[in-house]
> 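My questions all concern the structure below.
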Amino acid sequence: MPDRAFFARDSRMVAPDLLDLVLVHGERSGRIVEVEAYAGPDDPGSHGFRGETPRTAAMFGPPGHLYVYFTYGMHWCANVVCGPEGTCSAVLIRALAPLSGLEEMRAARGPVARRDVDLCSGPAKTCQALGLDGSHDGVDLCGGAGPRLVVGGFGRPARIGRSTRVGLTQGVDHPWRWFVAGDPNVSKGRPSGPDGDGPSR
DNA sequence: ACCGGGATGTTCT
DNA sequence: GAACATCCCGGTG
């Protein structure tokens with residue numbers, strides 16, 4: 001598991017380094033293959049742009065914890081909180097390459113997840129597949145129980161792609177999305193950037 | 001394959 | 001009352 005200091009950096013520094021980690025929850029786990037960095041007062045695309053609110057409290061909390069939020073009336077999305085406590089800095093987990101617990105993931109995702117690539121190829125799919133929700137907001141990823149992060153040991157990806165972030169109306173020009181180029185779990189049809197787009201299929 | 005729209009409810013203005 | 005860090009389905013080509 002990464003040192004606490006690993007997370008106590010700006011999210012834009014941590015984000016690409018997360019591409020070698022595995023998110024684990026119970027029997028279910030997957031390699032992180034797509035992330036987006038969010039900052040604070042300097043990032044109009046961030047939930048923390050206008051300061052701390054009850055919803056975003058975890059974003060301002062200690063690094064290495066989860067920030068889990070509810071959106072569009074039905075979806076949960078999970079972030080890894082970064083930076084020193086008191087600052088707003090987090091990395092959204094956008095996609096995993098499933099490694100274990102695939103039967104549990106299929107049961108959680110339902111019949112719509114026909115192929116393995118349908119399990120974790122998006123931020124809300126990832127939360128649903130791993131069973132993450134509001135009860136995990138603020139939990140310590142470096143703690144013993146519950147969801148945690150472990151080193152994957154895959155080595156640095158051969159090619160790390162980079163682009164602008166997905167689904168925003170503010171801060172759309174910041175190239176703060178990173179992904180493992182060529183991985184089929186990376187969400188599709190996404191904005192291109194200085195270093196190319198995600199996979200075409 | 002691609003595109004447009006609906007679902008659904010919390011949060012903040 | 002509007003926006004929302006999304007996903008899924010049904011239409012068309």
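By convention in this document, chain letters (A, B, ...) are assigned in the order of the sequence lines, proteins followed by strands, and residues within each chain are numbered from 1.
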> Angle class for the A:Trp76/A:Phe70 ring planes (parallel below 30°, perpendicular above 60°, tilted otherwise)?
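A:Trp76 vs A:Phe70 ring planes: tilted.
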> To the nearest 0.5 Å, what is the distance between CZ on A:Arg109 and CG on A:Leu130?
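The CG atom of A:Leu130 is 11.5 Å from CZ of A:Arg109, to the nearest 0.5 Å.
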> Rounded to the Å, how far apart are A:Lys125 NZ and C:dC9 C1'?
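Distance, rounded to whole Å: 13 Å.
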> Just the rounded figure in Å: distance from C1' of B:dT11 to CD of A:Glu52.
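Those two atoms, CD and C1', are 15 Å apart.
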> Does the pair A:Asp137/A:Arg55 count as a salt bridge with the N-to-O cut at 4.0 Å?
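No.
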> Salt-bridge test for A:Asp43 and A:Arg12: reply yes if a basic N is under 4.0 Å from a carboxylate O, no otherwise.
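Judged by the 4.0 Å cut-off on N to carboxylate O distance, A:Asp43 and A:Arg12 do not form a salt bridge.
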> Specify the separation, in whole Å, of atom CZ of A:Arg165 and atom C1' of C:dC4.
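It is 15 Å, rounded to the nearest whole Å.
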> Between A:Arg106 and A:Asp116, does at least one N-O distance fall below 4.0 Å, as a salt bridge requires?
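Judged by the 4.0 Å cut-off on N to carboxylate O distance, A:Arg106 and A:Asp116 do form a salt bridge.
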> Report the distance from atom NE2 of A:His75 to atom P of C:dA5, rounded to the nearest whole Å.
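Going from A:His75 (NE2) to C:dA5 (P), I get 12 Å.
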> In residues 64-72 of chain A, what residues come within less than 4.0 Å of DNA chain B, judged by heavy atoms?
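Residues of residues 64-72 of chain A that come under 4.0 Å of DNA chain B are, in numerical order, A:Phe70, A:Tyr72.
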> Over how many whole Å does the gap from A:Gln128 atom CD to C:dC8 atom C1' extend?
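That distance rounds to 11 Å.
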> Does the distance from a Lys or Arg side-chain N to an Asp or Glu carboxylate O, for A:Arg165 and A:Glu36, drop under 4.0 Å?
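So A:Arg165 does not pair with A:Glu36 through a salt bridge.
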> Measure from CG on A:Asn185 to P on C:dC7 and round the result to the nearest Å.
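My rounded result for the distance is 13 Å.
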> Given the rule that a pair is Watson-Crick or G-U wobble with both distances under 3.5 Å, how would you write DNA chain B in dot-bracket, using | for pairs to a different strand?
|||||||.||||.
> By the definition side-chain contact (heavy atoms from CB on, under 4.5 Å), identify the one residue from A:Leu23, A:Val24, A:Leu141, A:Leu21 that meets it with A:Val150.
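So, applying the side-chain contact (heavy atoms from CB on, under 4.5 Å) to A:Val150 and each of A:Leu23, A:Val24, A:Leu141, A:Leu21, only A:Val24 qualifies.
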> With a cut-off of less than 4.0 Å, is there a side-chain N or O of A:Arg109 near OP1 or OP2 of C:dC8?
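Answer is yes, contact under 4.0 Å.
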> Consider the side chain of A:Thr169, meaning its heavy atoms from C-beta on, and name the nucleotide among C:dA5, B:dC12, C:dC4 that approaches it most closely.
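That would be C:dC4.
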> Atom CE of A:Met59 and atom P of B:dC12: how far apart are they, to the nearest Å?
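Roughly 12 Å, once rounded to whole Å.
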> Less than 6.0 angstrom from the centroid, inside 45 degrees of the normal: does A:Arg31 satisfy that with respect to the ring of A:Phe154?
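Checked: cation-pi criterion met.
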> Is any side-chain nitrogen or oxygen of A:His47 closer than 4.0 Å to OP1 or OP2 of C:dA5?
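Yes, within the criterion.
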> Using only side-chain N and O atoms of A:Arg50, determine if any of them is under 4.0 Å from OP1 or OP2 of B:dT11.
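It does not, given that no N or O in the side chain of A:Arg50 lies less than 4.0 Å from OP1 or OP2 of B:dT11.
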> Please report, rounded to the nearest Å, how far the P atom of B:dT13 is from the CZ atom of A:Arg55.
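These atoms are roughly 10 Å apart.
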> Could you please name the option among C:dA5, C:dC9, C:dC7 that lies closest to any side-chain atom of A:Val112?
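Comparing C:dA5, C:dC9, C:dC7 against the side chain of A:Val112, the answer is C:dC9.
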> Need one value for A:Gly122: base, sugar-phosphate or nothing, where a base atom within 4.0 Å counts as base even if backbone is also close, heavy atoms only.
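The residue A:Gly122 makes sugar-phosphate contact but no base contact.
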> Does A:Arg9 make a cation-pi contact with A:Phe6 (under 6.0 Å, within 45 degrees of the axis)?
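Yes, a cation-pi geometry holds between A:Arg9 and A:Phe6.
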